[in-house]
Amino acid sequence: MAAPSLSIPLTTRAPLLRLLLRRRGLAHSASPPKLPVCSAPPRHRRGALFLGPGGAGERQRSGVGSRTMSASIYSTKVDAESAMTTNGRDVELLPFVNDKHGGVIIEMTTPMDPQLFSASLKSLLSKWREQGIRGVWIKLPISLANLIQSAVEEGFWYHHAEETYLMLAYWLPNTPHTLPVNATHRVGVGAFVMNDKREVLVVQEKSGVLKGLGIWKFPTGVVEPGEDINIGVVREVKEETGVDAEFVEVLAFRQSHKAYFEKSDLFFVCILRPLSFDITKQESEIEDAQWMPVEEFAAQPFVQQHELVKYILEVGLAKADKEYAGFSPISIKSAFSPKQSLFYMNRRDLEKASGPIINTQKDS
């Protein structure tokens, strides 16, 4: 359900704005200012913003391309005032909602004069401080970048940015803040794909540190926002090589720190079963791709020197030839949300230890 809009109608707002501008000496005529006509605030979707804006909370589970704040972090109570008076002046109220962690979220969608925005923000911060509000968040779309300076001058700092918006944060109590940090990890995947001839699917890259070195490597890539690991690795193999494959298991994972933009990195090694064998390489990123005998791949000096690749090869062959068991996903639901998620586990050994797994949900 969409959150009620707290901005007042244009027919009501124009006189208030004209009055404020006159008192500041900014109005030059009696004609009402032409305010941009904007659409209503975006519809809030169920889900959770990363850790929740007011404090510790739920993990991010937004879909690919989602750019709106999630309704599940908001309380149902919304301040319905359209304007307030500060020092004898009418100040327009900014659109905000309360979150579940003692905080407030201002989500700007409509253009506003920076001076009016600053005066409104200052008044609200004073009011919220008296009410015991803790964290205050401002979500500014890129179209309202002219309001950034006003927010920073009031003490807000940058929290994170996406393609279409900037999120700023402020802590009202005179204590160290407990707001969650920005997202800390990137998720990567690598694919071990071997056919019945014991040939592994490998590629040479057109860019990066391996460009022009003639080194063959396993297909790798980055999971997109809102994409499951088992889906992302199948997509990457298809994009880079044109080969259709079926996800089998996560075999292992590596964690590293201070990687891209100083973020940590989680890299999941997956084994896939090939469903097709004809190769069509990705022209934009892949120099070459082929099915290579596993012994020939293993004989590369690069493989011998690079421990990560050696272990990927080792666990892949252990799964194919021996009794190595990786992690396969089952679909589960939470007591806190109707949304489904995937739980990866060693199902074989669990069934040996405790009997067949009872799962009423369809596996993904």
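In this chain, numbering begins with 1 at the start of the sequence shown. Since we're looking at a predicted model, the values are computed, not measured.
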Heavy-atom donor-acceptor pair, [X] side chain to [Y] backbone, under 3.5 Å:
X      : Y      : result
Asp228 : Asn230 : no
Arg134 : His101 : yes
Gln304 : Pro301 : no
Ser337 : Lys339 : yes
Arg347 : Gly326 : no

How close do [X] and [Y] get, heavy atom to heavy atom, and via which atoms?
X      : Y      : value
Ser143 : Asn146 : O-OD1, 4.4 Å
Leu121 : Ala151 : CD2-CA, 4.1 Å
Val233 : Ala191 : CG2-CB, 3.8 Å
Tyr344 : Pro329 : CE2-CB, 3.6 Å
Ala289 : Val203 : CB-CG1, 3.9 Å
Glu205 : Thr220 : OE2-OG1, 4.0 Å

Look at atom [atom1] of [X] and say whether more than 12 heavy atoms of other residues, nucleotides or ligands are closer to it than 6.0 Å.
X      : atom1 : value
Leu308 : CG    : yes
Asp321 : CG    : yes
Glu307 : CD    : no

Same cluster (ILVMFWY, side-chain, under 4.5 Å), [X] and [Y]:
X      : Y      : result
Val209 : Val309 : yes
Phe117 : Val136 : yes
Val269 : Leu317 : yes
Phe277 : Val237 : yes
Val243 : Val189 : yes

- Query: Taking it one step at a time, do Gln149 and Glu153 satisfy side-chain hydrogen bond (donor to acceptor under 3.5 Å, both in side chains)?
  - Reply: CA-CA 6 Å; Gln149 181 176 348; Glu153 288 175 350; 2.9 Å; yes
Centroid separation under 6.0 Å, is that true for the rings of [Y] and [X]?
X      : Y      : result
Phe297 : Trp291 : no
Phe253 : Phe267 : no
His306 : Tyr311 : no

Enter the distance from [X]:[atom1] to [Y]:[atom2] here, rounded to the nearest 0.5 Å.
X      : Y      : atom1 : atom2 : value
Asn182 : His160 : CG    : NE2   : 6.0 Å
Ile138 : Leu94  : CD1   : CG    : 7.5 Å
Asn195 : Ser276 : CG    : OG    : 11.5 Å
Ile271 : Ser328 : CD1   : OG    : 12.5 Å
Gln300 : Leu213 : CD    : CG    : 11.0 Å
His185 : Ser256 : NE2   : OG    : 8.5 Å

Do the side chains of [Y] and [X] get nearer than 4.5 Å, heavy atoms only?
X      : Y      : answer
Lys263 : Lys258 : no
Pro274 : Val193 : yes
Met108 : Pro95  : yes
Leu168 : Val152 : yes
Ile279 : Leu201 : yes
Leu172 : Leu125 : yes
Lys319 : Glu249 : yes
Gln290 : Glu199 : no

- Taking it one step at a time, do Val234 and Glu246 satisfy side-chain contact (heavy atoms from CB on, under 4.5 Å)? CA-CA 7 Å; Val234 170; Glu246 178 185 15; over 6 Å; no
Can a salt bridge be assigned to the pair [X] and [Y] using a cut-off of 4.0 Å between side-chain N and carboxylate O?
X      : Y      : answer
Arg254 : Asp265 : yes
Lys310 : Glu314 : no
Lys281 : Glu287 : no

- Query: With under 30° as parallel and over 60° as perpendicular, where do the rings of Phe96 and Trp128 fit, or are they tilted in between?
  - Reply: perpendicular
- Item | Derivation of the side-chain contact (heavy atoms from CB on, under 4.5 Å) call for Lys217 and Leu210 | CA-CA 9 Å; Lys217 60 180 285 292; Leu210 300 181; 3.5 Å; yes
- Given Lys206, which of Gln282, Glu283, Lys211 fulfils the side chain to side chain contact (heavy atoms under 4.5 Å, CB included) condition? Glu283
- Query: Do Thr178 and Trp171 pass the side-chain contact (heavy atoms from CB on, under 4.5 Å) test, and can you show the C-alpha distance, the side-chain angles, and the key distance before you say yes or no?
  - Reply: CA-CA 8 Å; Thr178 59; Trp171 186 251; 3.3 Å; yes
Does the side chain of [X] come under 3.5 Å of the side chain of [Y] through a donor N or O and an acceptor N or O?
X      : Y      : value
Glu262 : His257 : no
Gln340 : Ser331 : yes
Tyr170 : His159 : no
Thr241 : Lys238 : no

- Of Tyr324, Phe268, Phe218, the residue whose pairing with Phe192 passes ring pair (Phe, Tyr, Trp, His ring centres under 6.0 Å): Phe218
- Message: For Ile330 and Ile332: C-alpha separation, side-chain torsions, deciding distance, then whether side-chain contact (heavy atoms from CB on, under 4.5 Å) applies.
- Response: CA-CA 6 Å; Ile330 62 170; Ile332 63 172; 4.0 Å; yes
